[in-house]
Amino acid sequence: MKELAKSYNPADCEEKIYQKWEKSGYFNPDNLPLPENAKSYTIILPPPNITDKLHLGHSSMLAIEDLLIRFHRMNGYRTLWLPGTDHAAIATQNVVEKKLFQEKGLTRHDLGREKFLQEVWKFLEKTQNTILKQIRKMGASLDWSRLAFTLDKPRQKAVAQMFVDMYHQGVIYRGERIVNWCPRCHSTLADDEVEHREQKTNLYTFRYWQEFPIPIATTRPETKLGDTAVAVNPKDKRYQKYIGQEFKGEFCNIPLKIKVIAEREVDMNFGTGAVGVTPAHSMTDWKMAENNRLEIKKVIDEDGKIRAGFGRFSGLSASEAGREVVKELKKNGLLEKVEEIDNALSTCYRCQTTIEPLPSKQWFVSVHKKIPRLGNKSLQEKALEVAQKEEISFIPNRFKKRYLHWMENLHDWCISRQIWFGHRLPVWYKGDEIYVNTKPPKDVENWIQDPDVLDTWFSSGMWTFSTLGWPDNFKNGQKTGDLAKFHPTQVLETGYEILTLWVSRMIMMSLFALEEIPFENVYLHGMVLDAQGQKMSKSKGNGIDPLEVINEYGTDALRLSLLIGNTPGNNIKISPEKFVGMRNLVNKLWNIARYMEIKFQISEIGNEQKNLEQLLQNKKLTLADKWILQKLQTLIISVTKQIKNYNFSPAGQELKDFTWNDLADWYLEISKVENNLPEKQQILHIILVNLLKLWHPFIPFVTEEIQQELFPDSGLLLISPWPKAKKTNLKKEISQDFQLLQEIVSGIRKARTEYKLSPQQKIKVIIYSPEKHSLLKEQVNILKNLQTGVEELVIKSQGAKIEQAHFLALNGAEIYIPLQNIINLRKEREKTKKEISVTKKFIASLEKKLKNKNFLQKAPAEVVNKEKEKLAGQKNKLKNLNEYLEKIS
RNA sequence: GGACAAUUAGCUCAGUUGGUUAGAGCGCUCGCUUGACGUGCGAGAGGUCACAGGUUCAAAUCCUGUAUUGUCCACCA
């Protein structure tokens with residue numbers, strides 16, 4: 001006889017079990033023993049940054065995705081979960097730059113492009129595998145044979161191809177725009193990479209020069225050196241007369257030419273109601289300049305300094321220049337007012353440096369360009385369409401709204417980045433000539449390649465299909481190989497914070513390249529927060545390291561902590577106490593198996609299939625036996641349904657309730673006092689085999705370990721078929737009868753506690769039951785032995801009065817214990833009956849009213865209709881009530 | 001400013017189309033050194049479901065408003 005260890009020790013078996021899975025080859029869908037026509041189920045892992053270490057956010061993502069993957073693998077899908085990592089251009093370059101500066105005091109410019117990139121790759125060699133190893137520790141059943149990296153050879157090929165295709169179809173273009181420029185990163189940032197921070201700032205009200213008729217207000221005096229216009233609201237009576245006029249003068253000794261223009265956007269009530277227009281250094285001003293064909297005068301350069309040609313200001317940093325301009329204004333008596341206002345400062349999401357809006361030549365993906373291949377629709381239109389038509393659905397659904405809102409207001413996407421690490425643009429210049437191709441021009445020595453690299457989201461936007469062999473697996477509009485097998489994928493599971501950043505791009509890129517959606521469902525998870533609801537961060541010191549949790553409590557406990565109590569789209573707060581609870585639950589399951597083995601030797605049944613129907617014919621089955629088998633069937637149905645609906649938390653909760661409450665606390669306790677051992681052995685075998693499967697997607701390690709220890713011949717749980725509920729001819733009353741039994745046992749225990757009876761003291765119990773519960777008589781044995789101390793049990797049903805019926809008389813003395821279930825059921829029935837009679841009366845009165853000719857003729861049609869609706873509603877309600885009454889009777 | 005959430009026991013949260021007595025875990029109190037598990041077992045205390053209206057026979061659940069908190073988006077010189 002085998003004996004499992006006294007408690008479950010995750011450290012002993014997790015490594016071993018994972019290796020066993022990996023060696024089996026079943027992480028790879030090609031190796032799954034499936035019929036040719038098996039449906040595929042694919043999730044592409046959102047690639048973590050290579051410089052990342054596993055944090056709870058990853059753990060949560062992995063737990064959810066692995067649950068889905070294991071569930072579908074067991075359900076007979078050709079299941080692929082494809083792993084990969086992201087090169088995260090700017091982020092990675094930043095890390096290496098910082099390191100370089102700290103260790104050697106060098107900047108990337110000191111090294112030059114080539115040497116710097118060598119440094120980056122050296123660094124990556126070291127960090128690259130850390131995250132992948134840690135992902136394995138989570139038990140993630142990823143197909144490692146398909147591992148991809150957003151900057152490896154196949155992805156470079158795909159990205160270049162995509163760029164070239166988009167360029168030739170006019171979707172990618174080069175243009176000058178105001179971009180969000182980070183003077184420190186020396187790179188542009190996409191709109192959504194800019195962070196806004198609330199701050200107090202000075203608003204200066206002044207005139208350019210004494211004679212200038214319109215005072216203006218600004219928070220950035222230094223940019224006023226580049227003003228070429230003043231915009232006022234066309235309705236503004238103060239300034240109407242100046243519209244169209246041009247003024248010349250000197251502002252801080254710099255000559256300015258200012259035209260007064262009308263713009264409806266201008267808020268008459270803010271500042272002076274007039275805006276100094278600086279086309280080169282403000283997004284909105286740039287647009288005004290375009291509308292009014294204004295001159296564009298650049299003031300600030302790429303380093304955030306004032307350009308040449310601005311007298312003594314040239315060479316100063318923007319903020320220094322700002323102070324100098326204010327001084328100058330004060331000196332000349334031009335400053336009219338300084339006030340403090342709330343302002344949103346734009347900063348770089350990576351380094352928090354203040355953003356400078358600058359005009360520069362950049363590459364863009366047009367979201368508005370009509371594409372003949374896509375039915376002459378733009379990427380924006382197509383991406384909206386697939387969500388509106390629900391080809392792609394969002395979980396939870398409210399994110400659909402957010403997605404649509406974002407897509408409707410989408411601007412062209414700036415994809416060039418002035419950094420060195422990343423996908424280099426496949427673009428070469430010779431004078432004014434531009435050459436765009438996947439391969440360099442033949443006379444490459446005469447050309448200069450664009451120094452920029454692509455936005456990291458460009459390559460990750462292609463992730464669902466670049467990982468499946470695009471473009472090689474896509475010829476003449478036909479998918480082949482992996483692409484045909486696994487695209488579109490079924491679920492994209494990711495954080496809601498990158499819905500816009502990533503999800504929207506993936507949709508557009510896939511629509512462009514394949515003319516199909518990248519995924520059918522988008523499941524969005526929230527952030528993992530600490531117990532106080534704070535984001536976990538190193539600086540706050542409130543971070544929980546998942547690896548430490550794994551060491552202390554085991555991976556299964558960590559996974560459960562992240563699955564139970566976690567609902568789609570909402571943040572989850574987590575604290576160490578939760579890990580303890582989940583560790584205990586895992587251990588409980590372990591001990592249930594241990595008990596079944598020690599007491600019932602269920603492993604000796606081996607993998608012999610037990611026929612449930614035959615078993616149910618067996619007359620030796622007790623009420624408890626039937627009850628637990630019935631419970632198991634409903635559990636299977638419910639858990640399956642919940643997982644299909646992405647309700648992982650309730651599914652886990654139900655499993656827990658069954659395992660701990662129904663099985664351990666009731667059935668196993670009863671099994672100690674009932675003596676139909678062969679039947680019990682078979683039942684427990686059925687239950688354990690099914691329970692291990694149901695639990696497996698949640699807690700793969702402990703379930704697999706139990707399986708391997710007790711049923712080594714049954715193969716891996718990893719690919720065991722998911723349980724199917726079987727129809728049984730078990731009667732509905734079973735659960736009610738059993739509930740009554742539970743109620744009585746609880747009642748007795750309660751009474752013992754209340755009257756402080758010692759455990760040794762035996763009692764006599766008399767039950768007055770108004771219902772016929774002949775079954776109870778068969779349960780006397782249970783009641784006597786279930787640690788209730790019952791020595792004698794009398795059941796009076798015939799002739800028992802209602803008033804007495806709900807009480808237990810204890811020990812001859814008049815000690816009453818209400819049997820709540822019976823009382824409440826009765827009350828509920830009476831209440832419902834009353835409601836039914838009220839409703840019937842109401843219906844009768846309505847019908848009477850509606851037959852009344854006076855009413856029909858004189859009352860307005862609306863009122864009559866309303867009454868008719870009411871009647872229909874009441875009739876419906878009556879039906880519901882009747883059904884309900886039947887249910888509780 | 002706009003949008004979307006959230007507000008239920010001391011804490012963390014369930015509560016799926018309005019319908020049993022609003023549930024669970026942790027914590028707390030009391031009792032069990034019961035041969036699977038003390039990582040356990042039993043019993044218990046603790047909630048006017050943020051507030052104010054409304055719809056309904058019936059509201060934690062639907063509607064309106066208010067307050068507080070959070071997130072995202074936009075952005076003003």
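The structure displayed is predicted, hence computed values, not measured ones. Keep in mind that the numbers below use all heavy atoms, side chains included, and drop hydrogens, waters and symmetry copies. To find a chain, count down the sequence lines: A is the first, B the second, and so on, and within it residues start at 1.
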Quick one: is A:T567 getting a side-chain N or O under 4.0 Å of the B:A14 phosphate, OP1 or OP2? yes

List in chain and number order the residues that pass ring pair (Phe, Tyr, Trp, His ring centres under 6.0 Å) with A:Y403, two or more places apart in sequence or in another chain; answer none if no residue qualifies. A:F394

Among the nucleotides B:A36, B:C4, B:A43, whichever has the atom closest to the side chain of A:S746 is B:A43

Does a sphere of radius 6.0 Å around NZ in A:K259 hold more than 12 heavy atoms from other residues, nucleotides or ligands, not counting ones at 6.0 Å or beyond? no

If you compare every side-chain N and O of A:K401 against the phosphate oxygens of B:A3 (OP1, OP2), does one of them come in below 4.0 Å? no

To the nearest angstrom, the CG-P distance between A:L585 and B:A24 comes to 16 Å

What nucleic acid atoms does A:S7 come within less than 4.0 Å of, heavy atoms only: base, sugar-phosphate, or nothing? base

When the P atoms of B:U8 and B:U48 are considered, how many whole Å apart are they? 12 Å

Contact class for A:D665 vs. all strands (heavy atom < 4.0 Å): base, sugar-phosphate, or nothing? sugar-phosphate

For nucleotides B:G42 and B:U34, find the distance between their C1' atoms and express it as a whole number of Å. 11 Å

Would you mind reporting whether A:F658 and A:I628 have side-chain heavy atoms less than 4.5 Å apart? yes

Provide the distance between the two C1' atoms, one in B:C62 and one in B:G1, to the nearest whole Å. 29 Å

A:H281 side chain to A:P357 main-chain N or O, any donor-acceptor pair under 3.5 Å? yes

Using the salt bridge (charged side-chain N to carboxylate O under 4.0 Å, His left out) criterion, which residues pair with A:R583? Sequence neighbours excluded. none

For the side chain of A:N647, counting heavy atoms from C-beta on, which of B:U16, B:U39, B:A77 is nearest? B:U16

Which whole-number value in Å describes the distance from A:D657 CG to B:G23 P? 13 Å

Residue whose closest nucleotide on RNA chain B lies nearer the 5' end, A:T218 versus A:Y8: A:Y8

Considering only heavy atoms and no angle criterion, is a donor-acceptor pair shorter than 3.5 Å present between the side chain of A:E669 and the base of B:A36? yes

Shortest non-hydrogen contact from A:L524 toward A:P396: O-CD, 4.1 Å

Hey, where does RNA chain B pair up into stems, meaning at least three consecutive Watson-Crick or G-U pairs with distances under 3.5 Å? B:1-7 with B:67-73, B:10-13 with B:23-26, B:28-32 with B:40-44, B:50-54 with B:62-66

Nucleotide nearest A:T219 (side chain, heavy atoms from C-beta), chosen from B:A36, B:A77, B:C37: B:A77

Quick check on B:G40: is either OP1 or OP2 less than 4.0 Å from any side-chain nitrogen or oxygen of A:N584? yes

Does A:S282 reach a base, just sugar-phosphate, or nothing at all? Heavy atoms under 4.0 Å. nothing

Starting at atom CG of A:L560, determine the distance to atom C1' of B:G25, rounded to an integer number of angstrom. 13 Å

Specify the separation, in whole Å, of atom CZ of A:R749 and atom C1' of B:C30. 16 Å

Span that lies between the P atom of B:G10 and that of B:C49, in whole angstrom: 13 Å

Quick one: A:K573 NZ to B:G70 P, roughly how many Å, whole number? 11 Å

On RNA chain B, does the nearest nucleotide to A:R583 precede the nearest nucleotide to A:N570 from the 5' side, or the other way round? Give the residue. A:N570

Does A:W660 have a side-chain nitrogen or oxygen under 4.0 Å from the phosphate oxygens OP1 or OP2 of B:C41? yes

Gap between atoms OH and P, on A:Y667 and B:C37 respectively (whole Å): 20 Å

Looking across every strand, which nucleic acid part, if any, lies under 4.0 Å from A:K656 by heavy atom: base, sugar-phosphate, or nothing? sugar-phosphate

On the side chain of A:K588, is there an atom forming a donor-acceptor pair with the base of B:C37 - under 3.5 Å, no angle test? yes

Interatomic distance at C1', B:C41 relative to B:A5, whole Å: 41 Å

Is A:A274 touching bases, backbone alone, or none of the nucleic acid, heavy atoms closer than 4.0 Å? nothing

Pairwise P distance, B:A9 and B:C63 [rounded to whole Å]: 22 Å

In whole angstrom, what separates A:L668's CG from B:C41's P? 11 Å

Set of residues satisfying side chain to side chain donor-acceptor pair (under 3.5 Å) with respect to A:Y208, sequence neighbours excluded: A:D227

Distance check, C1' atoms only: B:A60 and B:U7, in whole angstrom units. 11 Å

B:U71, B:C73, B:C26: which one has an atom nearest the side-chain heavy atoms of A:Y496? B:U71

Salt bridge (charged side-chain N to carboxylate O under 4.0 Å, His left out) with A:R207: which residues, sequence neighbours excluded? A:E336

Taking the C1' atom of each, how far is B:G44 from B:C37, in whole Å? 24 Å

A:R505 side chain vs A:L501 backbone, donor-acceptor pair below 3.5 Å: yes

Can you list the residues that meet the salt bridge (charged side-chain N to carboxylate O under 4.0 Å, His left out) rule with A:K337, with sequence neighbours excluded? A:E339

Quick one: label A:G581 by what it contacts on the DNA or RNA (base, sugar-phosphate, nothing), any heavy atom closer than 4.0 Å. nothing

Nearest to side-chain heavy atoms of A:N587, which nucleotide of B:U39, B:A36, B:C73: B:U39

Which part of the nucleic acid, if any, lies within reach of A:R594 when heavy atoms closer than 4.0 Å are counted: base, sugar-phosphate only, or nothing? sugar-phosphate

Between B:C73 atom P and A:Y403 atom OH, what is the distance in whole Å? 16 Å

